[in-house]
Amino acid sequence: MEYKQVLRGYYDTDKKVKAIDLLSNQPYYIEDRPDMKQRIERAINFKQLLAVYQRGTRNGFKYIEQKDYNNTADYHDNKHGIKPVKQTTMIDKPDDFIISDLKWKYLTRCINKGKNLMFVGPAGTGKTQIVFKAAERLNKQIFYFNLGSTQDVRSALIGNTYFKDGTYFEESAFVTAIKTPNSVILLDEISRANPEAWNILMPVLDVNIRKLRLDEKENSPVIDVADGVSFISTANIGFEYTAARMLDRALVDRFSVIEMDILNKEQEMKLLNIKYPNLDPKVNEALCDISFRIRMECERENGKLSSPIPTRMLLEAAEMSIDGFDIDETAELIIYPQYSDEGGTDSERIYIRQLVQKYVQKGDKEDLFTDNDFRALDNYDI
């Protein structure tokens, strides 16, 4: 039997009966059809679908089970020239990176659909790295532009005009990128970019414009952004990033904005184990516990610390341990310098030193960080 419509009923937030036509994936309006409302409500109560078919010059109605519809869906969809609506399969996440399923699914979806996305969060949390990994998994060409270190933004985003035996204009790598269909353009550290870069990017990022004017070239031609191009940007947001600028609201509105995951202690330990399987398990836990306690102090009201240890620094500390540096040496080289020594004994650096000293190896390495040591740490105010 060929169905004209297959209606799935439901109650909306106001408890009103509504329906969707599964064949067209469109709403079915029943406000002025009390007979249909009654039929659909019955279908809701019995967890069924209401099928509509042609019976002579009038419509016939049949209640069907969901499983029965699933078995005939391809037939009906092909008959009507409509493709079935299917759930998007999530692209496998990289094995060496920890990100929530939801955010990974959204990132890959934005890239696949040529949409703009901005990752925000602390430095060193992997915002840039995950974009490269997503592009690789999706087999997309990626173009990287570090806006935070770009001095001559017009040259970097538009191009240069040269005068030698006449006038010659050379397009920028950015122009090449936006003309490449289905590519990923990574605008790194957009929060540190010169505001002139934002002005140039505004029409490029606008979904209704998607154009770049080459005003450095004769006659100022306009370049269209190619189909399927996705712009992914990263931004360090927070008072501790002194080189970051307050982003223009109009610029931010051209992106979907999501926060980068900040790993908890268990996730950090898992990441270190993935990256460095030969890392001593006790050193792994010690490093991640230091990171955890610093982060908790940063989040505490009137905390004594202003910034946590970036995941990037934690990975460097683990690699240094593999290379023969103990925790005290590692902290001296890469952790302490990140914290201010202003304020004498009340400085952030002194606080960090006191915390780290509780994890420093004493005596034989086999005695390093026993379970009793870790339980004793919970008695400290650090």
Side-chain angles (χ1 to χ4, degrees), residues 1-95 97-119 130 133-134 137-139 207 228 230 255-264 266-267 270:
M1 182 180 294
E2 181 183 343
Y3 299 136
K4 293 171 59 178
Q5 295 160 322
V6 177
L7 306 178
R8 174 186 289 152
Y10 65 96
Y11 294 106
D12 68 8
T13 55
D14 295 324
K15 305 300 181 183
K16 294 180 179 179
V17 177
K18 297 292 178 69
I20 294 175
D21 179 6
L22 297 182
L23 294 183
S24 65
N25 200 36
Q26 297 294 321
Y28 179 83
Y29 298 100
I30 59 174
E31 282 73 6
D32 299 326
R33 296 285 307 276
D35 58 326
M36 289 300 294
K37 179 179 178 181
Q38 187 175 15
R39 292 187 181 99
I40 291 172
E41 190 160 23
R42 178 192 182 281
I44 295 173
N45 293 334
F46 285 92
K47 296 181 172 56
Q48 294 174 319
L49 305 176
L50 178 65
V52 183
Y53 60 93
Q54 191 72 39
R55 187 175 61 183
T57 59
R58 305 180 65 180
N59 288 335
F61 304 96
K62 181 180 179 180
Y63 295 99
I64 60 176
E65 303 298 327
Q66 177 71 57
K67 60 181 177 61
D68 295 332
Y69 169 72
N70 290 341
N71 292 335
T72 60
D74 286 341
Y75 166 79
H76 292 299
D77 290 332
N78 293 334
K79 193 80 172 178
H80 289 271
I82 301 170
K83 294 182 179 179
V85 178
K86 297 181 179 179
Q87 293 292 332
T88 301
T89 302
M90 189 174 78
I91 305 298
D92 290 339
K93 293 193 298 183
D95 296 330
F97 198 97
I98 297 177
I99 184 174
S100 71
D101 288 346
L102 180 61
K103 293 179 181 180
W104 171 256
K105 181 179 179 181
Y106 190 56
L107 169 61
T108 53
R109 175 257 187 187
C110 287
I111 291 176
N112 264 332
K113 301 195 75 171
K115 292 182 176 289
N116 303 337
L117 179 67
M118 179 185 293
F119 266 119
I130 194 59
K133 290 183 177 294
R137 286 297 171 101
L138 295 170
N139 198 27
V207 67
S230 175
F255 294 91
S256 296
V257 180
I258 61 174
E259 294 180 338
M260 190 63 189
D261 291 326
I262 298 177
L263 306 184
N264 58 33
E266 289 71 25
Q267 290 172 324
K270 179 181 178 182

Colleague: On a heavy-atom basis, which atom in Tyr10 and which in Ala19 lie closest, and how many Å separate them?
Modeller: CE2-N, 3.8 Å
Colleague: If every non-hydrogen atom of Tyr11 is compared with every non-hydrogen atom of Asn45, which pair is closest and at what distance?
Modeller: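 Shortest heavy-atom separation between Tyr11 and Asn45 comes out as OH-OD1, 3.6 Å.
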Colleague: Could you measure the distance from the OH atom of Tyr106 to the CG atom of Leu117? Nearest 0.5 Å is fine.
Modeller: 6.0 Å
Colleague: Does Asn139, at its CG atom, have more than 12 non-hydrogen atoms belonging to other residues, nucleotides or ligands within less than 6.0 Å?
Modeller: no
Colleague: Mind listing the closest non-hydrogen atom pair of Phe61 and Tyr53 along with its distance?
Modeller: N-CE2, 3.5 Å
Colleague: Is there a side-chain contact between Ile99 and Lys133 (heavy atoms, below 4.5 Å)?
Modeller: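 No, every pair of side-chain atoms sits at 4.5 Å or beyond.
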Colleague: Can you tell me how far apart OH (Tyr28) and CD1 (Ile20) are? Round to the nearest 0.5 Å.
Modeller: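 Answer for the OH-CD1 pair, Tyr28 versus Ile20, is 14.0 Å.
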Colleague: Please name all residues satisfying side-chain contact (heavy atoms from CB on, under 4.5 Å) with Asp95, sequence neighbours left out, ordered by chain then number.
Modeller: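 By the side-chain contact (heavy atoms from CB on, under 4.5 Å) rule, Asp95 matches no residue at all.
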Colleague: side-chain contact (heavy atoms from CB on, under 4.5 Å), that's the test. Do Arg42 and Gln48 meet it? Break it down for me.
Modeller: CA-CA 8 Å; Arg42 178 192 182 281; Gln48 294 174 319; 3.3 Å; yes
Colleague: Quick one: OH on Tyr3 to CG on Leu22, what's the gap to the nearest 0.5 Å?
Modeller: 12.0 Å
Colleague: Tell me if a side-chain donor or acceptor on Asp14 pairs with a main-chain N or O of Lys16 at a distance below 3.5 Å.
Modeller: no
Colleague: Which heavy atom in Leu7 sits nearest to a heavy atom in Val52, and how many Å separate them?
Modeller: CD1-CG2, 4.3 Å
Colleague: Hey, what do you get for CD1 (Ile30) to CD (Gln38), rounding to the nearest 0.5 Å?
Modeller: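 These two atoms lie 11.5 Å from each other.
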Colleague: Where is the tightest heavy-atom contact between Cys110 and Ser230, given as atom of each residue plus distance?
Modeller: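 For Cys110 versus Ser230, the nearest heavy atoms are O-OG, 3.7 Å.
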Colleague: Which value, rounded to the nearest 0.5 Å, describes the distance between Asp21 atom CG and Lys4 atom NZ?
Modeller: 11.0 Å
Colleague: Among Asp261, Ile130, Ile98, whose side chain to side chain contact (heavy atoms under 4.5 Å, CB included) with Trp104 holds?
Modeller: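 Considering Asp261, Ile130, Ile98, a side chain to side chain contact (heavy atoms under 4.5 Å, CB included) with Trp104 is found only for Ile130.
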Colleague: Do Arg39 and Met36 touch side chain to side chain, with heavy atoms closer than 4.5 Å?
Modeller: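 Yes, their side chains come closer than 4.5 Å.
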Colleague: Heavy atoms only: give me the nearest Leu49-Ala43 pair and the separation to one decimal.
Modeller: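 That would be C-CB, 4.4 Å.
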Colleague: Is it possible for you to check whether Arg33 lies under 6.0 Å from the centre of the six-membered ring of Tyr29, through NZ or CZ, and within 45° of that ring's axis?
Modeller: no
Colleague: More than 12 heavy atoms of other residues, nucleotides or ligands under 6.0 Å from CD of Gln54: is that the case?
Modeller: yes
Colleague: Measuring from Asp35:CG to Ile40:CD1, what's the distance to the nearest 0.5 Å?
Modeller: 9.5 Å
Colleague: Is it true that, when you exclude Lys103 itself, more than 12 heavy atoms of the residues, nucleotides or ligands shown sit nearer than 6.0 Å to its NZ?
Modeller: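 More than 12 heavy atoms, drawn from other residues, nucleotides or ligands, come within 6.0 Å of this atom.
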Colleague: Given the rule in the salt bridge (Lys or Arg N to Asp or Glu O under 4.0 Å) test, do Asp92 and Arg137 qualify, once you have shown the distances and angles that lead to the verdict?
Modeller: CA-CA 8 Å; Asp92 290 339; Arg137 286 297 171 101; 5.3 Å; no
Colleague: For atom CZ of Arg8, decide whether the heavy atoms of other residues, nucleotides or ligands shown that lie under 6.0 angstrom number more than 12.
Modeller: no
